[in-house]
Number of protein chains: 2
Amino acid sequence: MPTLKDVAKASGVSVMTVSNVVNGRPRVSEATRRRVLAAVDELGYQVNLTARSLRAGRSGTIALSIPRADHPYFAELAAAVTDALRPAGRHLVIEQTGASREGELSALSQARLQMYDGVLLSVVGMHDDEVARLQSDMPLVLLGEKRMPDHLDQVMLGNFDGAHLATAHLIARGARHIAIAGGTRDPAETGMVGMRTAGWRAAHVEAGLVPDERLVLPPLHFEMSESREQIRTAVAEGLPIDGVFAVTDQVAIGVMAGLHDCGLRIPDDVQVVGFDNLAVSAHLTPGLTTVDPRTDLVVEESLRLLDRRLSGDDVQVEHLVMPVRLVVRGTTR
Amino acid sequence: MPTLKDVAKASGVSVMTVSNVVNGRPRVSEATRRRVLAAVDELGYQVNLTARSLRAGRSGTIALSIPRADHPYFAELAAAVTDALRPAGRHLVIEQTGASREGELSALSQARLQMYDGVLLSVVGMHDDEVARLQSDMPLVLLGEKRMPDHLDQVMLGNFDGAHLATAHLIARGARHIAIAGGTRDPAETGMVGMRTAGWRAAHVEAGLVPDERLVLPPLHFEMSESREQIRTAVAEGLPIDGVFAVTDQVAIGVMAGLHDCGLRIPDDVQVVGFDNLAVSAHLTPGLTTVDPRTDLVVEESLRLLDRRLSGDDVQVEHLVMPVRLVVRGTTR
DNA sequence: GTGAAAGCGCTAACAC
DNA sequence: GTGTTAGCGCTTTCAC
């Protein structure tokens with residue numbers, strides 16, 4: 001690869017002048033500029049971003065760390081962040097952690113994160129203390145499901161509120177035996193699953209109902225095929241189910257398929273509500289009633305918090321919980 | 001951030017020795033090693049990967065460049081590549097290039113790719129001349145839809161074969177008025193849309209049928225809502241349709257929703273086949289018959305080609321077209 | 001075993 | 001307007 005030096009030699013000026021031209025800085029005569037650009041073209045010069053980053057101390061790049069790209073919620077999040085960054089000419093790269101603690105630890109090695117100007121971090125498997133050890137002096141915003149260490153900025157979804165909204169809606173529409181697909185019986189669980197289960201419970205209690213613990217179908221890997229199988233088994237076992245709150249839309253899609261396999265009609269026999277408002281959810285038959293996690297707000301707030309850090313202001317840590325809303329479609333009456 | 005120099009000072013050795021310890025090189029006495037590691041711990045030293053990359057000329061990272069992360073096909077591709085790389089402990093980042101309207105590979109994003117040891121580049125939507133301008137001396141494999149310049153390794157999907165398979169299947173199952181959702185009437189179109197349309201045509205011809213040009217529904221943005229609207233309009237206009245080959249599963253999902261909106265039953269009134277075999281397609285009601293693009297093979301071959309380049313062997317350029325297969329589900333009879 | 005010197009490619013700061 | 005100098009943090013080379 002040709003370097004600035006090569007271009008300088010070819011056009012008979014100094015490296016610095018080439019740098020000035022390449023970076024569009026003023027105070028370069030039109031003649032020189034043309035000569036330099038000609039040499040750039042001829043040699044096929046490309047700026048070496050590694051060298052620029054080392055020198056400048058900034059890379060102009062932000063990283064978004066997500067568990068898996070094929071998890072549609074995170075894929076849609078990634079696209080939303082990219083879109084939000086584009087107008088400002090900033091660049092995003094996506095790091096995948098593989099939804100495991102080990103993966104997070106390696107992908108998020110301090111050394112790697114240092115390459116970025118800032119990091120938006122979706123934490124799933126890492127332990128609290130591991131997250132806590134992350135350099136607090138680098139611009140970092142947690143997109144957490146669960147409550148994370150106090151010294152780091154964090155934007156959380158309205159997990160509890162959304163689950164509550166979803167379950168209350170099912171109750172309002174007449175469901176009385178509401179399973180939670182992907183819920184937990186473990187009260188110590190404080191992650192996404194724990195909070196959404198808590199919302200499911202709370203909505204029951206508020207309506208004067210007692211949540212049926214048999215209808216807590218434990219989380220698998222949030223995969224459609226597993227959820228499909230799980231709900232089929234539950235129905236086959238004779239559990240009384242006339243409503244399902246699925247902790248994610250992916251799970252909900254599996255549940256819908258499984259109910260259909262059992263010959264049950266949605267919403268006539270069983271009503272279903274999901275969580276995530278995936279793009280596909282609007283186009284299922286019937287359309288999936290779901291909780292909109294307001295990814296737009298999550299992105300907006302995350303970038304606001306990150307920008308504060310990037311601008312170097314020494315500001316207060318913020319922990320935000322975003323509002324959610326219910327999108328009612330055909331899977332509920 | 002502390003540097004090698006700081007650690008060297010703190011432990012009373014030279015920078016070089018610290019580097020040797022940090023990189024686990026031999027020929028360092030046990031006593032020195034311990035002393036250095038103690039200083040590393042104390043100062044919280046982290047290697048600066050930018051500096052290392054600049055000096056070493058390698059970053060240890062591979063990039064996968066895709067148009068958008070929320071395009072499920074690419075999201076699933078990204079996850080598949082990551083999974084394939086994980087056992088070897090190699091690192092992948094996802095770059096989104098194609099999301100911009102014009103000039104997908106701007107000078108800057110080209111330079112960005114140089115930061116990586118190797119790049120898997122999805123060239124959907126890129127213009128031929130853009131691709132031709134790509135530095136051919138960097139390890140690069142094109143994941144192309146259309147035939148690309150000869151000097152670059154390329155792995156292509158079986159676009160023509162898949163479309164042919166899908167359409168022939170519809171014909172075999174009795175469809176005689178087969179629309180192509182996302183097809184083109186422009187014979188000069190050589191991209192994914194062109195090749196899949198060519199497959200649709202060829203299957204007609206082989207069966208002694210004449211493809212109905214009115215049933216070529218032009219490509220929009222491969223979004224579900226647009227396709228839904230499009231098929232509704234086509235049906236409302238009274239076009240005779242008893243089968244639809246959708247150029248992607250996303251389009252197919254929109255088509256299914258649109259047909260349902262019109263009160264048409266699938267597969268009884270209209271049969272549908274998609275292309276991509278997305279994870280969600282198996283769990284729709286009815287399940288979507290679709291072309292499996294064999295992403296597993298695409299990934300395997302791409303990485304093989306990339307590894308050849310990475311190992312520096314000066315090898316023959318390869319252009320591969322992967323086989324496809326049809327997955328028959330409920331949207332066809 | 002350990003260290004000194006050179007330089008990867010770039011740009012900030014300053015001189016002319 | 002243009003050039004010179006210095007140095008970002010690291011590793012390669014070679015001397016001791």
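Computed over heavy atoms, backbone and side chain alike; hydrogens, waters and symmetry mates excluded.
- Contacts between chain A and DNA chain D, taken as any atom within less than 4.0 angstrom of a protein heavy atom, begin and end at D/dG1 to D/dG9.
- A side chain to side chain donor-acceptor pair (under 3.5 Å) check over residues 48-60 of chain B, counting only residues at least two apart or in different chains, returns the pairs B/N23-B/R52, B/S59-B/D117.
- Residue pairs meeting the ring pair (Phe, Tyr, Trp, His ring centres under 6.0 Å) criterion with at least one partner in residues 59-104 of chain A, sequence neighbours excluded, are A/H71-A/F74.
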Fill in the blank from the handout: For nucleotides 9-16 of chain C, 5' to 3', base contacts (B), sugar-phosphate-only contacts (S) and non-contacts (-) with protein non-hydrogen atoms under 4.0 Å give BBBBB---
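- Pairs of residues two or more places apart, or lying in two chains, that qualify as salt bridge (Lys or Arg N to Asp or Glu O under 4.0 Å) and include a residue from residues 76-85 of chain B are A/R68-B/D83, B/D83-B/R86.
- Under the side chain to side chain donor-acceptor pair (under 3.5 Å) criterion, the residue pairs touching residues 31-45 of chain A are A/S29-A/T32, with sequence neighbours excluded.
- Of the side-chain N and O atoms in B/T17, one or more sit less than 4.0 angstrom from OP1 or OP2 of C/dG3.
- Here A/D6 pairs with nothing under the salt bridge (Lys or Arg N to Asp or Glu O under 4.0 Å) rule; sequence neighbours left out.
- For the salt bridge (Lys or Arg N to Asp or Glu O under 4.0 Å) test, residues two or more places apart in sequence or in another chain that qualify with B/D153 are B/R308, B/R309.
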Practice task
Might you work through the side-chain contact (heavy atoms from CB on, under 4.5 Å) test for A/Q96 and B/L64, ending with a clear yes or no?
Solution key: CA-CA 12 Å; A/Q96 286 182 97; B/L64 169 68; over 6 Å; no
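- Under the salt bridge (Lys or Arg N to Asp or Glu O under 4.0 Å) criterion, B/D137 pairs with no residue, sequence neighbours left out.
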Exercise for the section: Please test B/L320 against B/L305 for side-chain contact (heavy atoms from CB on, under 4.5 Å), starting from the C-alpha separation and ending with a verdict. Expected result: CA-CA 10 Å; B/L320 305 176; B/L305 294 181; 4.2 Å; yes
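- Looking only at distances, no side-chain donor or acceptor of B/S122 sits under 3.5 Å from a matching main-chain atom of B/V124.
- If you check residues 26-42 of chain A against DNA chain D, the residues with a heavy atom closer than 4.0 Å are A/R27, A/V28, A/S29, A/T32, listed by number.
- If you take CG on A/L92 and CG on A/L120, they are separated by 7.0 Å, rounding to the nearest 0.5 Å.
- End-to-end axis angle for the helix from C/dG1-D/dC16 to C/dC16-D/dG1, using five pairs per end and rounding to 10°, comes out at 40°.
- Considering only residues two or more places apart in sequence or on other chains, B/R90 meets the salt bridge (Lys or Arg N to Asp or Glu O under 4.0 Å) condition with B/D307.
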